[in-house]
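What follows is a single structure, written as structure tokens, with notes after it.
Note that ligands are numbered from 1 as they come in the structure, with each ligand's atoms numbered from 1 the same way. The first residue of the sequence shown is numbered 1, and numbering continues consecutively from there.
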Amino acid sequence: QKNLSILSPDQIKLGKMMVEMGQTHLFSHWSQPGSDDDQEKISFFDQVNKLDTSYPGGLASYIQNARRLLADSKEGKNPFDGFTPSVPSGEILTFGDENFVKFEEAGIKEVRNAAFVLVAGGLGERLGYNGIKVALPSETTTGTCFLQHYIESILALQEASCRLAQGQSEVPIPLVIMTSDDTNARTLDLLESNSFFGMKPDQVKLLKQEKVACLDDNDARLAVDPVNKYRIQTKPHGHGDVHSLLYSSGLLNTWHDAGLKWVLFFQDTNGLLFRAIPSALGVSSTKEYHVNSLAVPRKAKEAIGGITKLTHADGRTMVINVEYNQLDPLLRATGHPEGDVNSETGYSPFPGNINQLILNLGPYMEELTRTQGAIPEFVNPKYKDSSKTSFKSSTRLECMMQDYPKSLSPSARVGFTVMDAWLAYAPVKNNPEDAAKVPKGNPYHSATSGEMFIYRANSLILKKAGVKVADPVTATFNGQEVEVWPRITWKPKWAMTFAEVRSKVSGNCSISQNSTMAIKGRNVFVEDLSLDGALIVNAVDNAEVKVVGPVHNKGWLLERVDHKDTSIPEEIRIRGFRFNKVDQLELNYNEPGKFSNST
Ligand code: UGB
């Protein structure tokens with residue numbers, strides 16, 4: 001009681017709410033007022049205020065939701081009770097065919113009406129990398145980090161969309177990055193020290209997610225921080241926070257007023273995701289989807305969620321991601337004793353969610369106004385024993401951004417688009433040791449496979465455009481057997497769509513297996529090139545450059561490195577290889593004009 005004298009009326013109100021919500025234990029160890037701890041007590045209420053304002057409905061709602069979910073968990077209630085899973089039908093695209101090209105064109109037209117949202121608040125515990133994941137090189141031929149690649153891709157889309165909408169000026173496409181206390185300062189620093197990678201600084205907005213209170217028991221008593229008895233212990237709430245943050249930031253209204261129509265969500269380390277954006281956005285706009293989730297064929301038990309149609313006994317249906325650890329038990333419990341297994345295609349019949357969502361802004365705003373941005377949560381306590389009365393360690397509520405459609409009415413147009421996995425998905429999530437343990441045939445999701453998949457995709461795209469690209473060889477790096485294709489990369493501004501790639505290569509081109517090629521200019525035209533070695537082309541935007549062959553040199557050699565060798569920088573050794581740049585042809589065009597390397 002005496003402690004109240006040092007508090008403001010708002011803090012006293014918060015204190016009363018905490019007492020009413022059964023949280024008196026948080027104060028039981030407080031010292032008498034007038035002691036040295038008074039400032040800590042005020043800071044405690046600052047923390048409570050933050051926890052209260054950053055959760056939809058406030059801390060009292062959080063505690064109530066926690067009690068309900070913890071009771072369900074204790075009872076062993078199945079979140080899918082009454083639902084039967086089946087394989088949903090969606091748009092299946094094949095790279096490079098007429099349909100794909102048509103959707104890409106529709107997507108490029110539409111992208112000027114889009115905003116992009118990158119969820120990058122996770123530290124990537126599975127990867128174990130010491131820095132932020134968006135600062136990792138997506139590939140080491142050019143060393144371009146994920147964030148630079150993403151920003152350059154958005155800028156290239158912006159420019160391509162403007163070109164299509166002839167006569168209209170270029171509109172800056174907004175980018176929001178959701179960060180957390182773990183990633184915010186380093187993300188801002190990466191942007192600022194690189195001049196925002198070419199974006200206007202006010203085109204990029206950082207929204208920081210807050211952690212949520214930890215729970216000590218089934219009554220949702222909040223956990224005292226083990227380090228500071230005047231703090232509540234907190235943990236991350238998950239990527240689902242992105243919806244409430246967007247809602248409370250007011251950005252959705254700003255975008256709506258500016259005439260935008262689409263919000264595209266994506267994750268921190270997928271070097272291929274922008275290969276899928278134009279066509280997927282084309283699908284969203286053509287089919288007028290309210291929600292479009294991108295998916296790829298998924299190996300049974302692969303650690304990515306499965307897109308599933310759930311039909312309730314009462315007739316309700318929804319198409320939703322079911323996380324990989326829930327899909328197998330759900331199938332077994334509903335008449336599929338074999339669980340999640342590959343079909344005769346070699347893949348699970350349930351497409352894999354790559355957590356790239358395209359939402360139609362109007363219906364999205366309506367829904368968030370109704371829910372205040374809150375989306376369904378879950379809790380995953382680790383119980384001490386089967387009585388389920390106490391936890392091994394504190395737990396918390398969590399939420400996932402792909403659960404957004406769960407609360408939508410059945411009339412919402414929810415669809416998904418399946419892309420070739422080689423085209424659209426190359427995540428970097430697993431550390432070398434865990435990746436080496438992935439069952440043979442399943443993707444490693446490591447820095448090694450992430451980079452090699454980029455070369456594979458670029459090689460296959462050029463092949464489809466008529467270039468003779470040599471077949472890959474197999475090699476093992478950090479205990480992972482991968483296909484090694486020629487190391488081909490290009491800047492997003494060179495080509496964002498298949499039509500653009502086709503317009504930039506012509507004649508009789510070939511690239512040998514041990515070649516490296518990096519195209520870093522917009523108007524670079526590759527004609528009758530026969531490449532056996534390394535070729536780097538740098539050109540300013542208004543230089544039109546024709547690159548012709550033959551180009552033969554000793555090239556860049558791939559050298560194996562061990563991930564345990566700490567003398568090598570972490571971002572290199574987690575791949576298990578590096579380049580020995582023995583020889584190369586580097587072409588530099590720094591002035592406007594027309595050029596060819598043959599003259
Ligand atoms: N993230 C945040 O921004 N905040 C958080 O609190 C947590 C994460 P993970 P996950 O790629 O295929 C997802 O950890 O959650 C960001 C889907 O659920 O890499 O295990 C984080 O920075 C799964 O269905 O992935 O699995 C990162 O950018 C499947 O689709 C993103 O959220 C899988 O991704 C994802 O976090 C996938």
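- In this structure, the ring of Tyr425 has its center less than 6.0 angstrom from the ring center of His445.
- Listed by atom number, the atoms of ligand 1 under 4.0 Å from Gly305 heavy atoms are 23 (C), 24 (O), 29 (C).
- Every atom of ligand 1 is numbered from 1 in the order shown, and the set under 4.0 Å from a heavy atom of Asp268 is 21 (C), 22 (O), 27 (C), 28 (O).
- The closest side-chain donor-acceptor pair between Glu367 and Ser407 falls under 3.5 angstrom.
- Taking a cut-off of under 4.0 Å to the non-hydrogen atoms of Gln209, the atoms of ligand 1 that pass are 2 (C), 3 (O), 4 (N), 5 (C), 6 (O).
- Within the structure, the closest approach of Met401 to ligand 1 does not fall below 4.0 Å when heavy atoms are considered.
- The protein heavy-atom contact nearest to atom 37 (C) of ligand 1 is Tyr425 OH, 3.0 Å.
- Taking CD of Gln209 as the reference point, atom OG1 of Thr183 lies at 7.5 Å (rounded to 0.5 Å).
- Protein heavy atom closest to atom 29 (C) of ligand 1, with residue, atom name and distance, is Asn353 O, 3.5 Å.
- Of the listed options Cys399, Gly238, Gly122, Gly122 places a heavy atom closest to atom 2 (C) of ligand 1.
- Of the listed options Glu302, Gln402, Met400, Lys211, Gln402 places a heavy atom closest to atom 17 (C) of ligand 1.
- The shortest heavy-atom distance from Glu125 to ligand 1 is not under 4.0 Å.
- With respect to atom 14 (O) of ligand 1, the closest heavy atom belonging to the protein is Arg126 NH2, 4.2 Å.
- Listed by number with element, the atoms of ligand 1 under 4.0 angstrom from any heavy atom of Gly121 are 2 (C), 3 (O), 4 (N), 22 (O).
- For His237 and Glu377, the side-chain atoms include at least one donor-acceptor pair closer than 3.5 Å.
- For the pair Ile358 and Leu294, the minimum side-chain heavy-atom distance is below 4.5 Å.
- Nearest protein heavy-atom neighbour of atom 23 (C) of ligand 1: Glu323 OE2, 3.4 Å.
- Looking at heavy atoms from C-beta onward, Thr144 lies in side-chain contact with His149 at the 4.5 angstrom threshold.
- Ring centers of Phe266 and Phe146: at least 6.0 Å apart, outside the cut-off.
- Looking at Gln326, Gln402, Met401 one by one, the single match for side-chain contact (heavy atoms from CB on, under 4.5 Å) with Asn321 turns out to be Gln402.
- Per-residue contacts place Val119 under 4.0 angstrom from the following atoms of ligand 1 (heavy atoms of the residue considered): 3 (O), 16 (C), 21 (C), 22 (O), 27 (C), 28 (O), 31 (C), 32 (O).
- Ring centroid separation for the pair Phe95 and Phe498 comes in under the 6.0 Å cut-off.
- Between Gln267 and ligand 1, at least one pair of N/O atoms sits closer than 3.5 Å.
- A cation-pi contact links Lys299 to Tyr347, judged by a cut-off of 6.0 Å to the six-membered ring centre and 45° from its axis.
- For an aromatic pair to be called close, the ring centres must be under 6.0 Å apart, and Phe265 with His243 satisfies this.
- No donor-acceptor contact under 3.5 angstrom links the side chains of Gln233 and Asp225, judged on distance only.
- Every atom of ligand 1 with a heavy atom of Asn321 under 4.0 Å away is listed here by number and element: 24 (O).
- Lys429 NZ, 2.8 Å is the protein heavy atom nearest to atom 19 (O) of ligand 1.
- If you number the atoms of ligand 1 from 1 as listed, the ones under 4.0 Å from a heavy atom of Ala120 come out as 3 (O), 22 (O).
- Using a 4.0 Å heavy-atom cutoff, Tyr324 is absent from the residues neighbouring ligand 1.
- Between Pro427 and ligand 1 there is no heavy-atom distance shorter than 4.0 Å.
- Nearest protein heavy-atom neighbour of atom 15 (O) of ligand 1: His239 NE2, 2.9 Å.
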